[in-house]
Undergrad: 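This structure is in structure tokens; I'll ask about it shortly.
Computed from a predicted structure; not experimentally measured. Computation of the quantities below employed the complete heavy-atom set of this structure, encompassing side-chain atoms and omitting hydrogens, waters and symmetry-equivalent molecules. Below, read A as the first sequence line, B as the second, and so on, with proteins coming before strands; counting in each chain starts at 1.
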Amino acid sequence: MKNTDIAGIFEQMANFLEIKGENPFKIRAYRRAAQVVEHLPREIAVMLASGEDLKALPGIGQAIAAKMEELVRTGHLAAWETLKNSLPEGLSDLLEIPGIGPKTAYRLATELGISSVDELEQAIQQGKVASLFRLGDRTAENLLHQIQSLRRKDQRIPLGQALPVVEEVLSRLRLLTGAKNLLAAGSLRRFRETVGDIDLMGTAENPEAVIRSFVALPLVREVLVQGPTKASVILADGLQADLRMVEHEAFGSLLQYFTGSRQHNIALRTRMQKKGLKLSEYGITDVDTDKLEKFTTEEAFYGRLGMQYIPPEIREDRGEIDLAAKNALPELVQRSDIRGDLHVHTNWSDGAAPLESMAQAAKAAGYSYLAITDHSGGLGVAGGLNEERLLKQQQAIRRLNKELEGIRLLSGIEVNILADGRLDLSDEILSRLDVVVASVHSALNQNEAKMTRRILKALENPHVDILAHPTGRLIGKREPVAVDLEAVFQGAAAHRKVLEINCMPDRLDLQDISIYRARELGLLLAISTDAHRPEHFDLIRFGIGMARRGWCQPSSILNSRPVEEVLAHLKGGDAVR
DNA sequence: GCCGTTTTCGGCCCGACTGTTTTCAGTCG
């Protein structure tokens, strides 16, 4: 039983209890537990096996800890099954529709006998829904609209797809209106790997004019709501975007509020409530005097709460609030810390540009070194390098290094890990390289035991330095390979290997919670773009976002170090060159 | 159901919008 399964069951528990009209705080407890479990950096099953006390987790007490143990041990949860059986079927599906909450779902199921979205659609068309007490034509029509748009859009979209769209919207609005402080909040600002909808906000002399320009953008397909200070639209690619304009004086608290996460904000408010402060998007109210204080910046907002500024990427209620109050937050890695890239391709394999172009682009990105790691021969499709061409490339790199100024090329390879864990280049040739990046590209459907053994064997090779895109996932397209990451991390620690944070927006691999775990184990990570063309160096921001979400400081990031230290690290450990 | 430099019992985040009524329940973020 995986954490995501356990989280799903707790979420359903919350829904069922809500339908039953149970104590709202009990419901919230289950919902919080679901959140906590879903974002845990380690599997509950592993924690239990090593005898850890689940009650130490935030929001997990006696009762829920026992339920998690039951789920892991038996694969079942009696309380959940009893609850599920006591309710009409199909309620969970109805709850997925925006506008339908527990009360409405229950009434639709009991009063109309509806047990699926299709049946609901029929009932609406037959006018049955509008005839229910306290529902009407408008409500029924809205629900129909929601069902249709639910079928059209595929939920959350990858960050890498959303970010360029958002940037285009924002730059156009700035040009058109001269609005100030325009930016995106929400999960996008927190650099979550997928984005549900987009929250934009800003301040302006004339907010209504900005709203008018917003809904008139060519990118906008449909306007859902339009008022004087707020509008919601559907963009051409199906993404929903909300724009809110506020007075400049309250921008800090508004930004804080809409950046979230929800869990972070709830934890923050609960904590401040005990100190007699009420937090909202408009500012901070002293409950005794009923006086509202406004804040133009988030720094001032957190400052008033007696806290350090908390970077958006770690606002997830995972201990950041306590640390901020103690002035003890980690200094997260940032763009300016990055000194080089340890995984890029050129037109020697499947890249688009020659060595020199990539070198110049890396220099322009502010780097002082760049590892050239084209594919090895085993990957026929990528035009990989055999030993002969690899040695030729190494000579070309040496020649180029004599000409280049301000950037040093390292000679490397992205070597393929074969199905049995061997590499498709000899140890002899690997020993001549500065950097060996190893990765899995074939036989991706092996079972967990086999895949784990395969990767561990590769990590035992003394020439391997970095494990690239460790799970092989492609967001929304390909599931991660079945692998025991905890075992891989232990193996990497034993052999002093480095794990990659791949910046390609459809990979983002390792993902945030795995980065968190790897860092916790003291492993070193490399933030690598896997660039296949010069423009790809810009993708570094995605990897930095993930690293920050994993609470990484520069000390955890290999390529924040100068080239001599990088080489010294790679040649140390159990490497033998 | 969780939690505790005020508490092991009595609290538990905050506000807006919508559609339906005629004062507010339900839902959402």
Undergrad: Strictly by Watson-Crick or wobble contacts shorter than 3.5 Å, is anything paired with dT8(B), and which nucleotide is it?
TA: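 The base-pairing partner of dT8(B), which may sit in any strand shown, does not exist here.
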
Undergrad: Using a 4.0 Å heavy-atom cut-off, does Asn265(A) contact any base of the nucleic acid, only the sugar-phosphate backbone, or nothing at all?
TA: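 No contact.
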
Undergrad: Just checking Ile266(A): base, sugar-phosphate only, or nothing, at a heavy-atom cut-off of under 4.0 Å?
TA: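 The answer is base, as Ile266(A) lies within the cut-off (heavy atoms under 4.0 Å) of a base atom.
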
Undergrad: Has Arg304(A) got a side-chain atom pairing as donor or acceptor with Ile284(A)'s backbone, closer than 3.5 angstrom?
TA: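 Side chain of Arg304(A) to backbone of Ile284(A), a donor-acceptor pair under 3.5 Å: no, none is there.
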
Undergrad: For the backbone of Ile60(A) and the side chain of Arg32(A), can you confirm whether one donor and one acceptor N or O come within less than 3.5 Å of each other?
TA: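 No, because the side chain of Arg32(A) does not come within donor-acceptor range (under 3.5 Å) of the backbone of Ile60(A).
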
Undergrad: Within the 3.5 Å criterion, strictly below it, is a donor on His76(A) or Glu70(A) matched to an acceptor on the partner's side chain?
TA: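 Side-chain D/A pair, His76(A) to Glu70(A): absent.
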
Undergrad: What does Ile27(A) touch in the nucleic acid at a heavy-atom separation under 4.0 angstrom: a base, only the sugar-phosphate, or nothing?
TA: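 Counting heavy atoms under 4.0 Å across all strands, no contact is made by Ile27(A).
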
Undergrad: Tell whether Arg138(A) reaches the base of dG19(B) with its side chain through a donor-acceptor pair below 3.5 angstrom.
TA: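 In this structure, the two groups form no donor-acceptor pair.
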
Undergrad: Select base, sugar-phosphate, or nothing to describe what Arg28(A) touches, counting heavy atoms under 4.0 Å on all strands.
TA: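 Answer is base: heavy atoms of Arg28(A) come under 4.0 Å of a base.
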
Undergrad: For Lys274(A) and for Leu132(A), find the nucleotide of DNA chain B with the closest heavy atom, then tell me which residue's nucleotide is more 5'.
TA: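 On the 5' side of the pair lies Lys274(A).
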
Undergrad: Please report the distance separating the C1' of dG26(B) from the corresponding atom of dT21(B), rounded so that it comes out in whole Å.
TA: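 Per the computed distance, 14 Å lies between those C1' atoms.
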
Undergrad: Under a 3.5 Å threshold, yes or no: a donor from one side chain and an acceptor from the other, between Gln263(A) and Ser261(A)?
TA: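 There is no such pair between these side chains.
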
Undergrad: Looking only at atom C1', what distance separates dT8(B) and dC3(B), rounded to whole Å?
TA: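 Roughly 9 Å separates the two C1' atoms.
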
Undergrad: Classify the nucleic acid contact of Ile97(A) as base, sugar-phosphate or nothing, counting any heavy atom under 4.0 Å across all strands shown.
TA: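 The answer is sugar-phosphate, as Ile97(A) gets under 4.0 Å only of primed atoms, P, OP1 or OP2.
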
Undergrad: Could you tell me whether Pro24(A) contacts a base, only the sugar-phosphate backbone, or nothing, with contacts defined as non-hydrogen atoms closer than 4.0 Å?
TA: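 It contacts nothing in the nucleic acid.
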
Undergrad: Considering only atom C1', compute the distance from dT20(B) to dC24(B) and round it to an integer number of Å.
TA: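 Between the two C1' atoms, the distance is 9 Å.
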
Undergrad: Taking for each residue the nucleotide of DNA chain B with the nearest heavy atom, is it Thr139(A) or Tyr282(A) whose nucleotide lies nearer the 5' end?
TA: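 Taking each residue's closest nucleotide, the earlier one in sequence belongs to Tyr282(A).
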
Undergrad: When we call it a touch if two heavy atoms are under 4.0 Å apart, what does Lys67(A) touch: a base, just sugar-phosphate, or nothing?
TA: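 Contact class for Lys67(A): sugar-phosphate only.
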
Undergrad: Quick one: label Tyr257(A) by what it contacts on the DNA or RNA (base, sugar-phosphate, nothing), any heavy atom closer than 4.0 Å.
TA: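 Tyr257(A): base contact, heavy atoms under 4.0 Å.
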
Undergrad: Determine the Euclidean distance between corresponding C1' atoms of dG10(B) and dT6(B); express it in Å to zero decimal places.
TA: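 Result for the C1' pair: 13 Å, nearest Å.
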
Undergrad: Could you check how far CG of Leu254(A) sits from P of dC14(B), rounded to whole Å?
TA: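 So the two atoms are 17 Å apart, to the nearest Å.
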
Undergrad: Could you tell me whether the side chain of Asn23(A) has a donor or acceptor atom within less than 3.5 Å of a complementary atom in the base of dG1(B)?
TA: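 Per atom types, the contact qualifies.
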
Undergrad: Using modelled atom types only, decide if a donor and an acceptor are shared between the side chain of Glu111(A) and the backbone of Leu132(A) within a distance under 3.5 Å.
TA: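 No: the side chain of Glu111(A) does not pair with the backbone of Leu132(A).
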
Undergrad: Roughly how many Å apart are dT5(B) and dG1(B), using the P atom of each and rounding to a whole number?
TA: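 It comes out at 23 Å once rounded to the nearest Å.
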
Undergrad: Is Leu268(A) touching bases, backbone alone, or none of the nucleic acid, heavy atoms closer than 4.0 Å?
TA: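 Nothing, no nucleic acid heavy atom in range.
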
